[in-house]
Amino acid sequence: MQVASVIVDVAAMQTDRAFDYTIPEKWTGMIQPGMRVVVPFGPRKIQGFVTELKSGSNVKKLKSLVEPMDLVPVLNSELLELADWLTETTLCFKISAYQAMLPAAMKAKYEKIFRLRGEEELLNEEIAAFFNKRAELTWDEAAKAGVLSSLRQEIKADRIELIYKVKSRGQKKNIRMIGLSLSPEELSAGLDSLPANAQKQKDVLNYLARSETSLLSAKELMDRAGAGSSTLKSLIEKGFLFERQQEMYRDPYEDREFEQTQPLPLTDQQQGAIAPVLGAIEENRHETFLLYGVTGSGKTEIYLQSIQRVLEKDKEAIVLVPEISLTPQMVHRFKGRFGDDVAVLHSGLSIGEKYDEWRKIQRKEVKVVVGARSAVFAPFENLGIIIIDEEHETSYKQEENPRYHARETAIKRADFYHCPVILGSATPSLESFARAQKGVYQLLTLPKRMNNQQLPDVEIIDMREELRSGNRSMFSHALFDKLTDRLEKGEQTVLFLNRRGHSSFIMCRDCGYVAGCPHCDISLTYHRQSHRMKCHYCGFEELVPSKCPECNSEHIRYFGTGTQKVEDELGKLLPHAKVVRMDVDTTSRKGAHEKLLRQFEEGKADILLGTQMIAKGLDFPNITLVGVLSADTMLHIPDFRSSEKTFQLLTQVSGRAGRHHLQGEVVIQTYTPEHYSIQLAGKQDYDQFYNQEMMMRKLGNYPPFYYLALVTVSHEDVMTASGVTEKITQYIQSRVSNQAIILGPVASPIPRINDRYRYQCLIKYKREPKLHEILKTVMEHYTKQQKDKNLQVAVDVNPFIMM
DNA sequence: AGCACGCCGACT
DNA sequence: GTCGGCGTGCTC
């Protein structure tokens with residue numbers, strides 16, 4: 001008797017283990033590890049993943065699995081193993097790991113249906129009327145009508161049964177194909193048999209007779225032969241044509257042409273950098289390279305040519321980019337070089353589109369994947385290289401379970417396939433650079449820009465001085481002068497501001513009252529479109545008060561500046577300048593991002609104003625000025641990485657200027673010009689910044705000198721939250737070595753979200769082999785004896801967001 | 001997680 | 001006496 005071990009689709013501590021099922025005879029040999037199956041679980045039916053086949057089980061009474069959901073495994077043995085590793089390192093449930101590795105379309109949907117068993121005359125009248133001659137009724141319908149309890153009785157009396165259905169979320173898309181079912185000889189007879197007035201039908205037959213393809217889509221046929229669907233229908237009824245459903249891919253780049261590009265000759269410095277990578281590819285050797293190249297130094301060409309070599313060896317490549325919809329230029333470069341061999345996976349695609357791209361990978365119809373974080377799980381089986389562009393980006397860390405980091409995951413996979421990883425950045429994360437210094441990664445450097453173009457001149461403006469000299473606007477004199485100068489010359493400017501919306505918060509000028517969220521300890525954000533105050537954490541919103549709720553004063557002031565406000569201001573100051581604004585609000589619609597960029601590229605705008613998303617990948621020759629309106633916004637968030645983030649962002653943004661023939665200039669406005677991350681970003685001196693920041697990290701016992709683990713406890717009651725955190729802290733304290741540093745219990749940086757109080761405990765450690773086990777025990781303890789359902793305990797190993 | 005089972009208070 | 005509230009414990 002064959003038995004399948006199954007991980008069921010229930011994300012809970014108690015069900016986070018394999019359950020055994022017998023395999024019905026008709027499925028033996030067909031069911032394999034890595035397949036999704038439908039299994040009975042308690043009274044219901046749910047989805048599960050087969051992890052192992054066995055010849056028996058320790059469990060006495062086994063149920064048998066219902067049916068497979070796949071013809072071939074969706075997870076191969078490597079990915080199953082990777083899931084084990086993810087589970088261990090991030091302390092997540094196995095099912096969460098599996099789900100993270102697959103497109104959302106494969107997540108199960110459940111449906112409950114009441115079905116009549118026999119004759120409905122036996123039912124009570126109310127129910128009979130409700131079924132109204134139908135044999136089935138959904139649970140939701142019944143719940144809405146409030147007949148659940150009567151239905152329960154009918155179930156007890158065996159007159160109705162409750163059926164649990166498991167469905168996949170995404171569907172394959174089918175297309176209707178039409179073909180000619182007549183041979184050439186039969187055709188003329190067929191044409192003659194048609195009535196004289198059936199001209200359209202004749203047109204269709206004639207078109208198909210002349211056409212070279214024997215099968216084409218109904219839509220295309222109708223277009224080309226100028227016929228309607230009724231024409232086709234009658235021809236099919238007459239047996240002249242046949243129709244067939246054919247599976248098709250939704251192609252998000254369908255109507256886009258990609259110009260074929262050829263490898264560019266490499267400069268000496270590129271040559272030097274790529275050689276070790278090619279060596280590793282040649283020798284099938286796993287090695288991690290940190291490609292540290294200043295902005296505009298030609299990293300992408302190195303990626304492209306490394307991939308080229310990998311493809312020549314008939315292997316596959318994964319390219320991770322921070323968020324691809326944000327860099328359409330990147331997609332262009334890969335599709336341009338590798339054409340149809342490229343699949344693209346990013347958050348802008350629909351569930352169905354992602355599913356289709358995933359299937360192309362699984363069926364080996366593509367060899368290169370370009371995508372955001374989750375593309376690291378692309379189901380290739382012969383990987384030749386993994387490339388992570390902008391490796392310092394924090395979006396590579398997933399902030400929900402499984403809390404994995406794409407960089408570590410990539411290295412793990414590459415190790416399995418004995419292939420290299422390239423981490424590319426102009427401003428490497430301290431962790432990576434430190435590893436390169438230690439020789440864990442091999443450092444490759446591109447210190448010069450292509451064509452030896454100078455890095456832009458950077459001017460740092462002290463906005464306190466501006467204020468003192470009476471300039472209360474958001475533009476310093478220097479920036480404004482340069483801006484008008486570029487407008488006159490017809491050159492383009494990029495203005496960067498790290499905050500969307502209008503103003504960040506409102507304050508009463510008389511009493512200092514700041515509008516805060518009643519459910520969270522955070523100030524509300526003003527949104528001009530709706531003229532409302534919104535909480536970005538719990539969704540609370542209210543109208544902007546006209547009077548101060550505390551002191552009744554009418555002197556309400558809007559503080560902070562968002563992109564919207566800057567746009568308004570530009571309209572007033574430079575009414576002739578054409579401005580393109582790019583932030584989450586203007587790019588949420590599909591394709592909007594590309595459209596705005598194209599406008600700017602084609603010179604239809606003078607100024608590109610935007611948030612973070614314009615910091616990366618923009619490469620337009622006519623940009624000669626970059627203005628950073630407020631460099632400090634990131635600096636003051638309570639996070640040990642705030643200096644690093646500030647430095648990286650400023651350097652990236654500055655890199656947008658003067659990438660081609662025109663020399664670029666950068667103006668950075670700040671209230672803290674003396675801060676080293678701003679000073680050194682101004683000088684574009686990464687090495688100096690690295691040294692300085694490493695010193696700070698060493699002093700603060702932060703990464704890369706220490707690893708971190710963060711335990712966050714939340715509860716409606718402050719005392720419970722702090723009390724539990726206290727206990728957890730003590731427990732951990734007593735079990736780790738005295739090398740570990742434990743901070744806590746303390747209130748989280750945001751002490752309350754959604755009426756729940758939040759406390760945390762931060763563990764800094766160098767080597768604690770038992771720590772994962774300890775943390776697991778903590779989680780188990782507080783989820784099992786869940787007397788208090790409201791208590792939440794979350795663990796983040798290597799946290800990036802400390803809130 | 002969901003669902004059943006089981007034990008207590010408020011109704012036809 | 002029954003309906004339904006939610007505390008408890010299990011799911012191969």
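Chain identifiers are assigned alphabetically (A, B, ...) following the order of the sequence lines, protein sequences preceding nucleic acid strands; residue numbering begins at 1 within each chain. Here the structure is a predicted model, which is why all the values come from computation and not from measurement.
Here the P atom of nucleotide B:dG2 and the CE atom of A:Met13 are 17 Å apart, to the nearest Å. Look at CG on A:Leu148: it is 13 Å from C1' on C:dG4, rounded to the nearest Å. If you take NZ of A:Lys45 and P of B:dG2, they are 17 Å apart, rounded to a whole angstrom. Rounded to whole Å, the distance from CD on A:Gln47 to P on B:dG2 is 14 Å.
The side-chain heavy atoms of A:Leu775 and A:Ile732, taken from C-beta on, include a pair separated by under 4.5 Å. A:Met101 has its side chain within reach of A:Leu75: a pair of non-hydrogen atoms, C-beta onward, lies under 4.5 Å apart. The side-chain heavy atoms of A:Lys165 and A:Lys45, taken from C-beta on, include no pair separated by under 4.5 Å.
Backbone-only engagement by A:Tyr164 is indicated by non-hydrogen atom pairs under 4.0 Å involving sugar-phosphate atoms exclusively. At a threshold of 4.0 angstrom between heavy atoms, the contacts of A:Lys112 are confined to the sugar-phosphate backbone, with no base atom among them.
Pairs engaging residues 26-47 of chain A under the ring pair (Phe, Tyr, Trp, His ring centres under 6.0 Å) rule: A:Phe19-A:Phe41 [sequence neighbours left out]. Residue pairs meeting the ring pair (Phe, Tyr, Trp, His ring centres under 6.0 Å) criterion with at least one member in residues 63-98 of chain A, sequence neighbours excluded: A:Phe49-A:Tyr98.
Note on ring orientation: taking the six-membered ring where Trp is involved, the planes of A:Phe800 and A:His405 are tilted (angle from 30° to 60°).
Using a 4.0 Å cut-off between charged side-chain N and carboxylate O, A:Lys360 and A:Glu357 make a salt bridge.
Remark: A:Tyr404 pairs with A:Phe377 by the ring pair (Phe, Tyr, Trp, His ring centres under 6.0 Å) rule, at least two apart or across chains.
Contacts of residues 4-12 of chain A with DNA chain B (heavy atom under 4.0 Å): A:Val10, A:Ala11, A:Ala12. Interface residues of residues 88-97 of chain A facing DNA chain B, ordered by number: none; criterion, heavy-atom separation under 4.0 Å.
Of the candidates A:Asp16, A:Asp84, A:Thr15, A:Thr87, A:Asp84 is the only one forming a side chain to side chain donor-acceptor pair (under 3.5 Å) with A:Lys94.
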Practice prompt. Test A:Arg641 against A:Glu431 for salt bridge (charged side-chain N to carboxylate O under 4.0 Å, His left out), laying out the working first.
Written response: CA-CA 11 Å; A:Arg641 285 191 176 87; A:Glu431 282 94 331; 2.6 Å; yes

When you compare the protein's N or O atoms with those of nucleotides 10-12 of chain C, which come within less than 3.5 Å of each other, and at what distance?
from, atom 1, to, atom 2, distance (Å)
C:dT11, O3', A:Gly42, N, 3.0
C:dC12, OP1, A:Tyr21, OH, 3.4
C:dC12, OP1, A:Pro40, O, 3.1
C:dC12, OP2, A:Lys63, NZ, 2.5
C:dC12, O3', A:Asp20, O, 2.8
C:dC12, O3', A:Lys63, N, 2.5
C:dC12, O3', A:Lys63, O, 3.4
C:dC12, O2, A:Asp20, N, 2.8
C:dC12, N4, A:Arg17, NH1, 3.0
C:dC12, N4, A:Arg17, NH2, 3.4

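Judged by the 6.0 Å distance and 45° axis criteria, A:Arg413 is not positioned over the aromatic ring of A:Tyr417.
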